[in-house]
Amino acid sequence: MIVTRFAPSPNGPLHLGHALAAIIAHDRAVRDGGTFVLRIEDIDGARSRAALADEFRADLAWLGLAWREVAPQSARIASYRMAADRLRAMGLLYPCRCTRADIAAAAQTTGPDGPVYPGTCRDQAVEPEDAVAWRLDVARAVTLAGPLQWTDKRAGVQRAAPGLTGDVVLWRKDAPASYHLAATLDDAADGITCVTRGADLFAATHVHRLLQSLLGLPVPVWHHHPLLVEADGRKLAKRRGAPSLADRRHAGEHGPDLAQALRAHRFPAGISLSDYLDREP
Ligand code: GLU
């Protein structure tokens with residue numbers, strides 16, 4: 001049975017793009033008699049706000065969606081720690097003490113997520129207590145895992161290319177687990193069979209597929225959907241004035257009508273769907 005999910009981070013209000021993502025995941029599950037899961041990704045400690053998660057639930061209910069909520073990420077830290085320890089014991093994580101500025105200065109290439117970490121600390125014996133983060137040694141992990149594939153419902157079969165984003169951080173001193181580790185473990189724990197999320201996370205899936213192989217996790221299919229963009233091609237963002245769902249809800253707009261409009265791809269003036277398949281490597 002299909003299980004899809006919507007996994008928002010409570011560090012800013014939901015907007016139309018989130019509504020579209022939730023509707024796509026919800027409708028996909030409902031169509032096949034499956035389950036639509038809500039997971040609050042609240043481990044970005046400094047910025048996460050619990051009150052926002054309540055707003056998210058109110059937004060989804062207002063849109064007319066029904067869901068099964070699973071444990072938030074903050075309740076799962078022990079499982080992330082266990083997985084990080086396992087990868088460390090496999091010799092696949094190394095301590096890194098580089099700051100963001102160090103990385104920006106040393107990076108020679110830019111990947112889908114910005115400057116690619118050049119591996120500065122990989123061959124240096126950084127003391128674990130000096131580490132600000134633990135990174136995945138992607139080359140070593142790929143050697144261990146061998147060639148991998150994954151399937152996107154729109155883009156088709158992909159050859160995993162986890163090197164695109166460099167040696168990603170899997171564990172942080174302050175956060176603690178990174179998005180990559182937490183989301184991969186959670187999708188497995190929640191029994192997600194179709195990971196539905198925006199095309200901006202397409203490159204992350206290469207890393208997630210590698211982690212699944214290393215940790216012996218089940219492999220779902222992915223559905224990376226196009227994003228809502230403004231006339232200049234940039235993602236909708238609250239900071240550029242996109243009204244939040246909560247603003248619309250409080251203004252008395254009818255949620256189910258908005259959901260229907262999004263399903264029919266009727267968007268407000270100046271907003272359209274990106275055609276991500278043209279842009280992915
Ligand atoms: N929590 C992420 C976000 O809000 C989504 C992660 C995912 O769907 O895999 O952007």
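If you read the sequence from its start, that first residue is 1, and numbering goes on from there. Indexing begins at 1, ligand by ligand and atom by atom, following the structure's order.
Checking side-chain atoms of Thr196 against main-chain N and O of Ala25 turns up no donor-acceptor pair under 3.5 Å.
With sequence neighbours excluded, no residue satisfies side-chain hydrogen bond (donor to acceptor under 3.5 Å, both in side chains) with Asp123.
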Are any protein N/O atoms closer than 3.5 Å to the N/O atoms of ligand 1? If there are, list each pair with names and the distance to one decimal place.
unit_1, atom_1, unit_2, atom_2, d
ligand 1, 1 (N), Ala7, O, 2.7
ligand 1, 1 (N), Ser9, OG, 2.8
ligand 1, 1 (N), Glu41, OE1, 2.6
ligand 1, 4 (O), Ser9, N, 3.3
ligand 1, 4 (O), Ser9, OG, 3.3
ligand 1, 8 (O), Arg5, NH1, 2.6
ligand 1, 9 (O), Arg5, NH1, 3.4
ligand 1, 9 (O), Arg5, NH2, 2.9
ligand 1, 9 (O), Tyr179, OH, 2.6
ligand 1, 9 (O), Arg197, NH1, 3.0

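Counting non-hydrogen atoms of other residues, nucleotides and ligands closer than 6.0 Å to CD of Gln108 gives a total of 12 or fewer.
Of the listed residues (Leu258, Ile23, Leu20), just one forms a side chain to side chain contact (heavy atoms under 4.5 Å, CB included) with Arg263, and that residue is Ile23.
Atom-to-atom distance recorded for Leu217:CG and Arg209:CZ is 9.5 Å, nearest 0.5 angstrom.
The two residues Ala84 and Leu181 have their closest heavy-atom pair at CB-CD2, 4.1 Å.
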